[in-house]
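The structure appears right after this line, and notes come after that.
Per chain, numbering begins at 1; letters A, B, ... match sequence-line order. Since this is a predicted model, take the numbers as computed values, not measurements.
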Amino acid sequence: MSRNEAEVRAEKAEELRQAHINPYPSQSVPRTHTTQAVVEEFGDRLESGMVDPAGKVLTLCGRITAKRDSGNLVFLDLRDEFGRLQLKIEKKGVKEDSVLSFAQIKKLLDEGDFISAEGIACRTNKGELSLQVERLSILAKAQIPFPDVYYGVHDVEVCRRHREMHLASNPAILQRFKLRSQIIFQIRSFLTERGFYEMETPILQAIYGGAAARPFVTHHNALDVDLYLRIAPELYLKRAICGGFERVFELGRVFRNEGIDSTHNPEFTSLEVYQAYADYIDILTLVEEVIIHAAKTVYTDISQIPYQGKTIDLTPSYEYNGQKHWRILTMTAAVKEYVGIDFDNIDLETALAAVKAKGIHLSKLEEQSLGYLLYGVFDKCVAPQLEQPTFVIDFPVEVSPLAKQHRAKEGFVERFELFIQGMEYANGFSELNDPQEQRRRFEQQLAQKYAGDEEAHPMDEDFIQALALGMPTCAGMGIGIDRLIMLLTDTASIRDVVMFPTMRPRQ
RNA sequence: GGGUGACUAGCGCAACGGUAGCGCAUCGGACUCUUAAUCCGCUGGUUCUGGGUUCGAAUCCCAGGUCACCCA
């Protein structure tokens with residue numbers, strides 16, 4: 001029975017211990033240079049075959065990603081977060097007081113091991129900038145085979161279940177998640193500079209709300225009550241506005257108990273922003289500003305965002321009320337343009353016949369009223385066709401229980417959604433602040449819930465009481481951050497911008 | 001929820017009804033300028049799981065599992 005690689009590596013760790021070398025030491029490493037710093041300091045110096053004449057001793061640390069052994073000379077590739085540097089290790093060059101002897105380096109080190117190396121910058125005969133190693137020690141022994149350096153890990157299941165392998169074997173993936181972090185930082189600082197305060201509202205909620213979705217349920221033992229993981233922070237953020245905050249946001253995780261596909265993960269990151277004394281066009285403008293600011297952390301030219309073979313243009317060039325925006329069209333205009341049915345001048349019976357004549361399949365809910373029908377037709381037939389950034393505005397009141405009635409159009413609310421590449425990126429509206437009207441909306445939602453709509457909004461008395469205390473004119477918006485990061489990192493699946501996506505547990 | 005496809009050594013793949021094989025890695029050996037190092041040699045398998053058909057199944061059939069993609 002032969003040993004597998006994991007057993008071999010465990011034995012190597014044991015052999016280090018036998019030699020009184022801890023394969024997992026705890027001392028901090030006095031790093032003087034990252035791989036990048038070595039390139040910056042010596043990159044345009046040193047002739048081939050030369051060693052830094054100043055003899056400056058550098059200390060680097062990182063992970064071995066390749067080992068090339070040619071007898072009394074061994075080359076290791078050392079990778080840290082910033083890049084790669086070759087270590088040149090000559091038998092005669094390793095000092096007596098090195099933690100690992102030349103023989104131990106050859107025999108006991110493998111790809112994946114973390115090490116620290118002390119030596120002098122040099123350039124090999126073949127011209128590669130390297131570190132001529134004098135002392136080398138182990139920081140952490142890797143005990144399973146390191147992903148193939150040349151091929152990397154490409155099995156999507158391994159990449160997602162064991163993201164550390166994906167990251168360790170593929171610098172481009174590490175870069176994607178660095179960008180994610182930078183984008184989120186930029187969004188936070190943009191809003192903070194604009195006077196928005198970041199809130200931390202409950203994730204465990206007794207009544208979930210703020211969106212149309214099914215929640216995850218959990219149980220609090222001491223209170224002996226079921227609690228829901230939030231599907232949105234909306235209602236609490238508006239209560240903060242009722243209390244006197246004028247500009248608030250929350251950037252964090254929300255949870256929706258629904259299927260998993262390339263644009264849906266059960267937990268995802270949302271940004272919600274509320275601004276007092278603003279209306280939906282003001283907050284639509286803020287959506288543009290936030291997304292453009294985020295895009296500028298990645299691209300200098302926002303008119304040429306590459307996404308899955310297409311090019312997205314984020315330049316606001318559509319004239320609306322004297323301002324430049326992304327394309328704006330009302331939902332009825334959109335349906336008229338893309339489907340050819342004019343919902344502004346039609347009754348339910350005629351509309352139903354027209355929709356059915358086009359072979360569009362409808363749910364019971366969608367057959368109930370002109371509003372549900374309009375939204376259903378838009379959602380199925382128009383949204384998937386909106387490739388360049390497009391705001392669709394003025395939604396039916398039936399599908400918008402938290403939005404304020406339209407100032408001019410009966411049966412509609414002041415609401416928008418942003419679509420890019422047929423996908424919803426943002427949603428916002430002038431917030432309903434009339435407590436009596438809010439109660440009526442919740443009651444209508446309850447009626448739908450009893451009629452079988454599992455995503456209908458539940459009644460929330462605490463929220464109505466907050467509105468009764470008074471909420472100023474106000475508008476708010478939400479952006480799906482994971483989808484935005486997909487767009488800005490040209491990634492096809494949400495599961496590859498979420499570092500550890502939800503997967504069915506093994507066994 | 002429905003459809004399609006994938007699953008074989010640590011990794012990447014082949015064998016398509018007739019003895020499970022190749023490359024890389026691991027392991028042993030050689031080598032002071034390699035960089036997917038090279039050269040020589042040796043290991044390594046519940047072919048996702050269970051059942052069926054067959055003289056014989058990785059291969060065909062049925063059920064299940066995981067994943068991916070598409071549709072609702």
Side-chain angles (χ1 to χ4, degrees), chain A residues 1-13 15 35 46-51 64-79 83-94 102-103 105-113 122-133 141-163 165-166 168-170 214 257-265 308 359-366 376 379-381 383-384 422 454 491-496 501-507:
Chain A
M1 173 117 182
S2 84
R3 304 161 305 163
N4 64 35
E5 192 172 341
E7 286 163 346
V8 169
R9 284 173 179 247
E11 285 165 16
K12 287 177 177 176
E15 196 172 333
T35 55
L46 303 176
E47 308 261 313
S48 288
M50 255 183 78
V51 179
I64 298 171
T65 55
K67 188 177 176 185
R68 295 178 293 277
D69 180 348
S70 48
N72 290 320
L73 175 67
V74 174
F75 294 97
L76 298 180
D77 283 349
L78 181 80
R79 188 157 81 206
R84 184 201 80 102
L85 187 75
Q86 177 171 267
L87 306 183
K88 177 182 165 186
I89 307 164
E90 289 179 295
K91 186 174 185 181
K92 64 183 185 200
V94 178
F102 185 75
I105 292 167
K106 277 186 68 147
K107 188 178 177 207
L108 300 177
L109 291 186
D110 295 293
E111 287 174 20
D113 293 352
C122 69
R123 199 174 284 281
T124 63
N125 296 349
K126 288 282 173 66
E128 177 158 350
L129 184 65
S130 305
L131 186 75
Q132 182 164 289
V133 172
K141 181 77 195 158
Q143 300 228 9
I144 60 171
F146 194 71
D148 193 287
V149 178
Y150 184 65
Y151 293 105
V153 180
H154 291 296
D155 182 313
V156 288
E157 189 172 355
V158 174
C159 290
R160 292 170 182 173
R161 282 190 194 277
H162 290 284
R163 186 71 74 188
M165 280 196 177
H166 198 198
S169 67
N170 197 336
R214 295 170 64 187
N257 205 338
E258 55 195 21
I260 296 174
D261 63 30
S262 60
T263 57
H264 296 85
N265 195 58
Q308 302 296 297
I360 300 165
H361 182 263
L362 294 171
S363 69
K364 274 189 182 149
L365 192 68
E366 288 160 346
D379 197 42
K380 288 184 181 70
C381 305
E454 289 178 314
T491 304
S493 173
I494 192 170
R495 278 158 293 172
D496 291 319
T502 306
M503 302 284 278
R504 186 180 292 277
R506 276 303 204 183
Q507 285 149 10

**Item:** Atom C1', compared across rA58(B) and rG1(B): separation rounded to whole Å
**Value:** 32 Å
**Message:** Under 4.0 Å, counting only non-hydrogen atoms across every strand here, what does Lys91(A) touch: a base, just sugar-phosphate, or nothing?
**Reply:** nothing
**Message:** Give me the distance, rounded to whole Å, that separates rU43(B) from rC22(B) when you measure between the P atoms they each carry.
**Reply:** 11 Å
Can you name the atoms? Protein N/O to nucleotides 22-30 of chain B N/O, anything below 3.5 Å, with the distance.
| unit_1 | atom_1 | unit_2 | atom_2 | d |
| --- | --- | --- | --- | --- |
| rC27(B) | OP1 | Lys12(A) | NZ | 2.5 |

**Prompt:** Would Lys141(A) and Asp110(A) pass as an ion pair if we require N to O under 4.0 Å?
**Reply:** yes
**Request:** Decide yes or no for Arg9(A) and Glu5(A): does some side-chain heavy atom of the first lie under 4.5 Å from some side-chain heavy atom of the second?
**Result:** yes
**rA25(B) - base-pair partner by Watson-Crick or wobble geometry, distances under 3.5 Å** = none
**Separation between the P atoms of rG50(B) and rG12(B), rounded to whole Å** = 23 Å
**Fill in**
Across every strand shown, the nucleotide meeting Watson-Crick or G-U wobble geometry with rG56(B) (both distances under 3.5 Å) is none
**Complete:** Rounded to whole Å, CD1 of Ile105(A) lies from P of rU32(B) at a distance of 16 Å
**Asked** Do Asp261(A) and Thr263(A) come within less than 4.5 Å of each other through their side chains, counting heavy atoms only?
**Response** yes
**Item:** Whole-Å distance separating the CG atom of Leu73(A) from the P atom of rC33(B)
**Value:** 6 Å
**Asked** Nearest-Å distance, NZ (Lys88(A)) to P (rC31(B))?
**Response** 19 Å
**Prompt:** Ion pair present between Lys107(A) and Glu15(A), side-chain N to carboxylate O less than 4.0 angstrom?
**Reply:** yes
**Request:** Using whole Å, report how far NE2 of His162(A) lies from C1' of rG10(B).
**Result:** 13 Å
**Prompt:** Are Arg68(A) and Gln86(A) close enough that a side-chain donor and a side-chain acceptor fall under 3.5 Å?
**Reply:** yes
**Request:** Taking all heavy atoms of Phe146(A) and all of Thr65(A), pick out the closest pair and write down the distance.
**Result:** CE2-CG2, 4.4 Å
**Asked** If you look at every heavy atom in Leu73(A) and Lys88(A), which pair is closest and at what distance?
**Response** CD1-CG, 3.9 Å
**Request:** Please state the P separation for the pair rU38(B) and rU59(B) - nearest whole angstrom.
**Result:** 36 Å
**Asked** What string of B, S and - do you get for nucleotides 67-72 of chain B 5' to 3' if you count protein non-hydrogen atoms under 4.0 Å?
**Response** SSS---
**Request:** Determine whether Arg84(A) and Thr35(A) make a side-chain contact, defined as any pair of heavy atoms from C-beta on separated by less than 4.5 Å.
**Result:** no
**Request:** Side-chain contact test, heavy atoms from C-beta onward, threshold under 4.5 Å: evaluate it for Arg495(A) versus Ser262(A) and give yes or no.
**Result:** yes
**Item:** Short N-O contact, Asp496(A) and Arg163(A), less than 4.0 angstrom
**Value:** yes
**Rounded distance in Å between the P positions of rA15(B) and rC71(B)** = 31 Å
**Asked** Considering every strand shown, what is the Watson-Crick or G-U wobble mate of rA6(B) when both distances are under 3.5 Å?
**Response** rU66(B)
**Message:** Side chains of Thr502(A) and Ile260(A), heavy atoms from C-beta outward: is any pair under 4.5 Å?
**Reply:** yes
**Prompt:** If we call it a pair only when both distances are under 3.5 Å in a Watson-Crick or G-U wobble match, what pairs with rG1(B)?
**Reply:** rC71(B)
**Message:** What is the separation between atom CG on Asn72(A) and atom C1' on rC31(B), rounded to the nearest whole Å?
**Reply:** 8 Å
**Message:** Using atom C1' in both nucleotides, what's the gap between rG10(B) and rC70(B) to the nearest angstrom?
**Reply:** 33 Å
**Message:** Between Asn125(A) and rC33(B), is there a contact of a side-chain N or O with OP1 or OP2 at under 4.0 Å?
**Reply:** no
**Prompt:** Expressed in whole Å, how much space separates the P atoms belonging to rA14(B) and rA6(B)?
**Reply:** 11 Å
**Message:** Can you work out whether Asp77(A) or Lys92(A) has the more 5'-proximal nearest nucleotide on RNA chain B?
**Reply:** Lys92(A)
**Request:** Please state the P separation for the pair rC60(B) and rC42(B) - nearest whole angstrom.
**Result:** 34 Å
**Prompt:** Quick one: does Lys106(A)'s side chain have a donor or acceptor within less than 3.5 Å of a partner on Gly71(A)'s backbone?
**Reply:** yes
**Request:** For residues Glu366(A) and Ile360(A), determine if any side-chain heavy atom of one lies less than 4.5 Å from a side-chain heavy atom of the other.
**Result:** no
I'd like a list of close polar pairs between nucleotides 1-8 of chain B and the protein, N/O only, cut-off under 3.5 Å.
none

**Message:** In whole Å, I'd like the distance from the CD atom of Glu7(A) to the P atom of rG10(B).
**Reply:** 11 Å
